[in-house]
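Along the sequence shown, residues are numbered consecutively beginning with 1.
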Amino acid sequence: MKKVKISIVSFLGVIILSLIAYFGYINYQTYQANKLMNDAIKKAGIPISEVITIQATNYNQQGLFGPEWYGEDITTKKDYKHWRQVVKKRGKYLSGKPLGDTAALSNPKNCELTYGLLLQDGVARIGPVYAGTSATSSQLDEFAYHFPNQFPEE
């Protein structure tokens with residue numbers, strides 16, 4: 001009976017330690033990814049002091065042993081200000097949805113002029129996102145910062 005209890009406690013201990021190690025790995029890798037993405041932001045010519053984070057760096061994995069990638073969505077103070085002006089003037093969002101309540105304009109997380117960041121295989125890429133989709137060449141003038149789109153158009 002003692003051996004069974006010791007085996008169960010040992011098994012649970014291994015599982016708990018494995019989970020702690022796995023989540024520690026994810027947090028460390030996310031921290032490292034965040035540093036690489038900040039470097040990509042700087043290389044794109046966007047001052048870090050201008051950045052408003054829409055969605056913080058998050059870890060993604062396809063299956064247990066599949067490829068890992070990290071994503072982040074940001075906007076800038078200039079883009080947010082411009083977006084608010086455009087939406088107020090048009091009376092609708094860039095996506096075409098009617099404006100309705102203007103209180104939504106006070107939250108930068110609703111901004112439709114964003115930059116998507118992706119880190120995969122150690123390479124960080126950044127690209128403009130207009131109303132939830134990759135910005136077309138005609139939409140790039142709406143953005144405060146201009147740099148080559150690092151995501152190929154499909």
Undergrad: Do side-chain atoms of Lys109 reach the backbone of Ile54 as a donor and acceptor pair under 3.5 angstrom?
TA: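 Indeed, once roles are kept as given, a pair shorter than 3.5 Å links the two residues.
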Undergrad: So how far is it from Lys88 NZ to Leu105 CG, rounded to the nearest 0.5 Å?
TA: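 It comes to 6.5 Å.
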Undergrad: Work out which heavy atom in Leu140 is nearest to a heavy atom in Ala135; give both atom names and the distance.
TA: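 Closest approach of Leu140 to Ala135, heavy atoms only: CD2-CB, 3.9 Å.
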Undergrad: For residues 16-54, which residue pairs qualify under ring pair (Phe, Tyr, Trp, His ring centres under 6.0 Å), counting only residues two or more places apart or in two chains?
TA: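 Non-adjacent pairs meeting ring pair (Phe, Tyr, Trp, His ring centres under 6.0 Å): zero.
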Undergrad: Considering the options Lys81, Glu142, Gln139, which one meets the side-chain contact (heavy atoms from CB on, under 4.5 Å) requirement together with Leu113?
TA: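 Among the candidates, only Glu142 passes.
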Undergrad: Treat each ILVMFWY residue as a node, draw an edge where side-chain heavy atoms are under 4.5 Å apart, and state whether Val4 and Leu12 are in one component.
TA: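 Yes; Leu12 is reachable from Val4 via cluster members.
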Undergrad: As a quick check of understanding, evaluate side chain to side chain contact (heavy atoms under 4.5 Å, CB included) for Lys92 and Val87, giving each step before the final call.
TA: CA-CA 6 Å; Lys92 61 182 179 178; Val87 171; over 6 Å; no
Undergrad: Are any side-chain N or O atoms of Gln120 and backbone N or O atoms of Trp69, one a donor and one an acceptor, separated by less than 3.5 Å?
TA: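 A pair under 3.5 Å: no.
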Undergrad: Any sub-3.5 Å donor-acceptor pair from Thr102's side-chain atoms to Leu99's backbone N or O?
TA: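 No; judged by distance alone, with no hydrogens or angles, the pair does not exist.
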Undergrad: Rounded to the nearest 0.5 Å, what's the gap from OG1 on Thr30 to NZ on Lys35? Could you check?
TA: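 Here the rounded value is 13.0 Å.
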Undergrad: How long is the span from the CZ atom in Phe143 to the OH atom in Tyr115, to the nearest 0.5 Å?
TA: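 Going from the CZ atom of Phe143 to the OH atom of Tyr115 covers 6.0 Å.
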Undergrad: So if you build clusters from Ile, Leu, Val, Met, Phe, Trp, Tyr with side-chain heavy-atom gaps below 4.5 Å, do Leu117 and Ile48 land together?
TA: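 Yes, it is one cluster - the side chains of Leu117 and Ile48 are joined through contacts under 4.5 Å.
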Undergrad: Is there a donor-acceptor pair under 3.5 Å between the side chain of Asn110 and the backbone N or O of Ala104?
TA: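 Yes, the answer is positive, given that a donor and an acceptor are paired below the 3.5 Å cut-off.
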Undergrad: Measuring only between side-chain heavy atoms, which start at C-beta, is Asp79 closer than 4.5 Å to Tyr145?
TA: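 Yes - at least one pair of side-chain heavy atoms lies under 4.5 Å apart.
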Undergrad: CD/Glu72 to OG1/Thr53 distance, rounded to the nearest 0.5 angstrom?
TA: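 Here the interatomic distance stands at 5.5 Å.
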Undergrad: Give the cluster check for Ile126 versus Val129: same hydrophobic cluster or not, with ILVMFWY residues linked at side-chain heavy-atom distances below 4.5 Å.
TA: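 In one cluster with Ile126: Val129, no.
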Undergrad: Restricting to non-hydrogen atoms, name the atom on Asn60 and the atom on Gly71 that form the minimum distance, rounded to 0.1 Å.
TA: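 Smallest heavy-atom distance, with atoms named: ND2-N, 4.1 Å.
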Undergrad: Could you grab the distance from atom NZ of Lys97 to atom CD of Glu112, nearest 0.5 Å is fine?
TA: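 One finds 8.5 Å between NZ of Lys97 and CD of Glu112.
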Undergrad: Taking all non-hydrogen atoms of both residues into account, name the closest pair between Cys111 and Thr114 and its distance.
TA: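 Looking at all heavy atoms of both residues, the closest pair is O-CG2, 3.4 Å.
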Undergrad: Can you name the nearest heavy-atom pair linking Thr75 to Pro108, along with the distance?
TA: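 For Thr75 and Pro108, the tightest heavy-atom pair comes out as CG2-O, 4.4 Å.
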Undergrad: Examine the side chains of Tyr59 and Glu68 and answer whether a donor and an acceptor come within less than 3.5 Å of each other.
TA: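 Tyr59 vs Glu68: donor-acceptor pair found between side chains.
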Undergrad: Looking only at heavy atoms, which two atoms of Glu50 and Lys78 are closest? And how far apart?
TA: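 Heavy atoms of Glu50 and Lys78 come nearest at OE1-N, 3.3 Å.
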Undergrad: Working to the nearest 0.5 Å, report the span between CD1 of Ile26 and CG of Asn58.
TA: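 If we round to the nearest 0.5 Å, Ile26:CD1 and Asn58:CG are 11.5 Å apart.
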Undergrad: Can you tell me if Asn34 and Tyr70 form a side-chain donor-acceptor pair at under 3.5 Å?
TA: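 Side chains of Asn34 and Tyr70: no pair found under 3.5 Å.
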Undergrad: Can you list every ring pair (Phe, Tyr, Trp, His ring centres under 6.0 Å) pair that touches residues 75-98, not counting sequence neighbours?
TA: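 Qualifying pairs, neighbours excluded: none.
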Undergrad: Side-chain contact test, heavy atoms from C-beta onward, threshold under 4.5 Å: evaluate it for Ile46 versus Thr76 and give yes or no.
TA: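 Heavy-atom side-chain distance check passes, below 4.5 Å.
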Undergrad: Provide the closest heavy-atom pair for Ser95 versus Ala131 in the form atom of the first, atom of the second, distance.
TA: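 Heavy atoms of Ser95 and Ala131 come nearest at N-CB, 3.8 Å.
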